[in-house]
Amino acid sequence: MSAALRTHASRVDSQVELQRNTNPRMPRNIIIDTDPGQDDAVAILLALASPGEIEVLGITAVAGNVPLPLTQKNARIVCELAGRPDVPVFAGCSAPLTRTLVTAEHVHGKTGLDGPQLSDPTMPLQEWHGVDFIIDTLRREPSGTVTLCPLGPLTNIATAFQRAPDIIARVAEIVLMGGAYFQVGNITPAAEFNIYVDPEAAEIVFRSGAPITTMPLDVTHKALTTAPHVQGFRNMGTKAGTMVAAWTDFFERFDKEKYGSDGAPLHDPCVIAYLLEPEMFSGRHVNVEIETKSNLTRGMTVADWWRVTDRTPNAMFMGHLDADRFFDLLTERIARL
Ligand code: RIB
Ligand code: CA
């Protein structure tokens, strides 16, 4: 972590807590940073189906599940599916800060949105780099009013924090999908994919001093799309419902084989559901450090769940959700599209 970032992070730590706009009555202004991915797609649909509660200022694509040319294209496909070609979509970083990109076609398919047949998007990709959009938005919007929602590797967020440390104190909250503790890893025995792909970026974000709420595998593995849920999406008879059913059907085959679970874990929609109904989640505010040195445990989120160290708590680490309430919300919102 650069000296400037370290200084800034410590200043943020010591600063009196900024009044952060997480007021439930006002729409939450968010930036979704994403690597679609079927579960990212469902998360984006959930956000766009909730106007008045969530205002999506923009979507920044990052390399992750599939390379950047596909994640930026997929983000635009999803916006058009939601009838929202007005949402600006930006391409961000095409590779981790220092490491070679690791992708997950084995889970998401070659396109990243395998399952249904999809036509190419017609809405344009924005000219700006996604990192510039993140920096500019946080500087332009009133401090404490923009929530960052990373759903993939944290490369874009970390790059923005490195290039513009002044924006860190202006972030209302970072609500991200990533990490694992009691559920251990999904890409290696020790690490969850989003953190594994860019552990250095994750370290910058978790040490930044910004308020962080984490949706790790510990909670997302409790959001399983069982067959009745998939049928519920299909029975909507809408394009969005049919797509979500096809995506969750495809996405499920990998997890069912691997975990023998009945249904696929809907990881990324947990982030958006938290913005809409935070009380359906519970967890613990603990210290989370990222393993960046060892190859064996690269990307592990070392959560001090039992507070056995004197390391300062830096993240709300979620462990439980009310799955019925989660799927009731998701079904009701997707049916709106
Ligand atoms: O480990 C699950 C996470 O990795 C999800 O965000 C999925 O979309 C992939 O990015
Ligand atoms: Ca993702």
Side-chain angles (χ1 to χ4, degrees), residues 30-47 59-68 70-75 77-78 89 92-93 95-96 101-115 130 148-157 174-199 201-202 205 213-225 244 247-248 250-255 258-259 261 263-274 290 298-301 317-318:
I30 73 171
I31 294 174
I32 297 178
D33 190 68
T34 179
D35 64 335
Q38 290 88 347
D39 60 319
D40 301 68
V42 179
I44 295 168
L45 290 178
L46 178 58
I59 295 178
T60 51
V62 67
N65 285 321
V66 287
L68 181 67
L70 285 173
T71 56
Q72 58 89 342
K73 173 183 165 189
N74 292 344
I77 287 173
V78 179
V89 174
C93 298
L101 178 63
V102 171
T103 52
E105 285 87 350
H106 60 293
V107 179
H108 300 275
K110 217 168 40 62
T111 71
L113 288 184
D114 281 22
L148 301 178
C149 298
L151 310 178
L154 291 164
T155 316
N156 286 344
I157 311 300
I174 299 175
V175 186
L176 66 91
M177 191 278 142
Y181 190 61
F182 294 103
Q183 271 293 310
V184 294
N186 60 1
I187 185 79
T188 72
E192 178 278 324
F193 179 79
N194 288 340
I195 309 299
Y196 176 80
V197 169
D198 200 342
V205 172
T213 297
T214 311
M215 296 290 159
L217 298 179
D218 302 48
V219 71
T220 67
H221 278 181
K222 293 166 185 160
L224 297 178
T225 42
V244 169
W247 281 331
T248 48
F250 180 87
F251 189 55
E252 176 190 23
R253 89 219 178 289
F254 175 80
D255 286 89
K258 176 173 175 180
Y259 297 107
S261 55
L266 267 185
H267 307 288
D268 295 336
C270 288
V271 167
I272 307 302
Y274 169 81
I290 312 296
R298 156 192 167 170
M300 181 177 181
T301 45
F317 202 79
M318 292 302 184

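Note that these values count all heavy atoms, side chains included, but never hydrogens, waters or copies made by symmetry. Every number for a ligand or one of its atoms is a count from 1 in the order of the listing.
Checked against salt bridge (Lys or Arg N to Asp or Glu O under 4.0 Å), K222 has no partners two or more places apart in sequence or in another chain. For N156, the side-chain hydrogen bond (donor to acceptor under 3.5 Å, both in side chains) criterion is met by D33, not counting sequence neighbours.
Protein N/O/S atoms found under 3.0 Å from the Ca ion (ligand 2): D35 OD1, D40 OD1, D40 OD2, L151 O, D268 OD2.
Between L101 and G64, the shortest heavy-atom contact is CD1-N, 4.1 Å. Minimum heavy-atom separation, H267 to T220: ND1-OG1, 2.8 Å. Nearest heavy atom pair, residue L113 against residue A41, reads CD2-CB, 3.9 Å. Considering every non-hydrogen atom in both I157 and P150, the closest pair reads CG1-CG, 3.9 Å. Residues A191 and R298 share a closest heavy-atom pair of CB-O, 3.2 Å.
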List below, pair by pair, the N or O atoms of ligand 1 and of the protein that are less than 3.5 Å apart, including the distance to 0.1 Å; reply 'none' if no pair qualifies.
{"unit_1": "ligand 1", "atom_1": "1 (O)", "unit_2": "N186", "atom_2": "ND2", "d": "2.8"}
{"unit_1": "ligand 1", "atom_1": "1 (O)", "unit_2": "E192", "atom_2": "OE2", "d": "2.6"}
{"unit_1": "ligand 1", "atom_1": "4 (O)", "unit_2": "N194", "atom_2": "OD1", "d": "3.1"}
{"unit_1": "ligand 1", "atom_1": "6 (O)", "unit_2": "L151", "atom_2": "O", "d": "2.8"}
{"unit_1": "ligand 1", "atom_1": "6 (O)", "unit_2": "N194", "atom_2": "ND2", "d": "3.0"}
{"unit_1": "ligand 1", "atom_1": "6 (O)", "unit_2": "D268", "atom_2": "OD1", "d": "2.7"}
{"unit_1": "ligand 1", "atom_1": "6 (O)", "unit_2": "D268", "atom_2": "OD2", "d": "3.1"}
{"unit_1": "ligand 1", "atom_1": "8 (O)", "unit_2": "D39", "atom_2": "OD1", "d": "2.7"}
{"unit_1": "ligand 1", "atom_1": "8 (O)", "unit_2": "D39", "atom_2": "OD2", "d": "3.1"}
{"unit_1": "ligand 1", "atom_1": "8 (O)", "unit_2": "D40", "atom_2": "OD1", "d": "2.8"}
{"unit_1": "ligand 1", "atom_1": "8 (O)", "unit_2": "N65", "atom_2": "ND2", "d": "3.0"}
{"unit_1": "ligand 1", "atom_1": "8 (O)", "unit_2": "D268", "atom_2": "OD2", "d": "3.2"}
{"unit_1": "ligand 1", "atom_1": "10 (O)", "unit_2": "D35", "atom_2": "OD1", "d": "3.2"}
{"unit_1": "ligand 1", "atom_1": "10 (O)", "unit_2": "D35", "atom_2": "OD2", "d": "3.0"}
{"unit_1": "ligand 1", "atom_1": "10 (O)", "unit_2": "N65", "atom_2": "OD1", "d": "3.3"}
{"unit_1": "ligand 1", "atom_1": "10 (O)", "unit_2": "N65", "atom_2": "ND2", "d": "3.3"}
{"unit_1": "ligand 1", "atom_1": "10 (O)", "unit_2": "N194", "atom_2": "OD1", "d": "2.8"}

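Note on ring orientation: taking the six-membered ring where Trp is involved, the planes of F317 and Y181 are perpendicular (angle over 60°, cut-offs 30° and 60°).
Judged by distance alone, with hydrogens and angles left aside, the side-chain atoms of D35 form no donor-acceptor pair with the main-chain N or O of P153 at under 3.5 Å.
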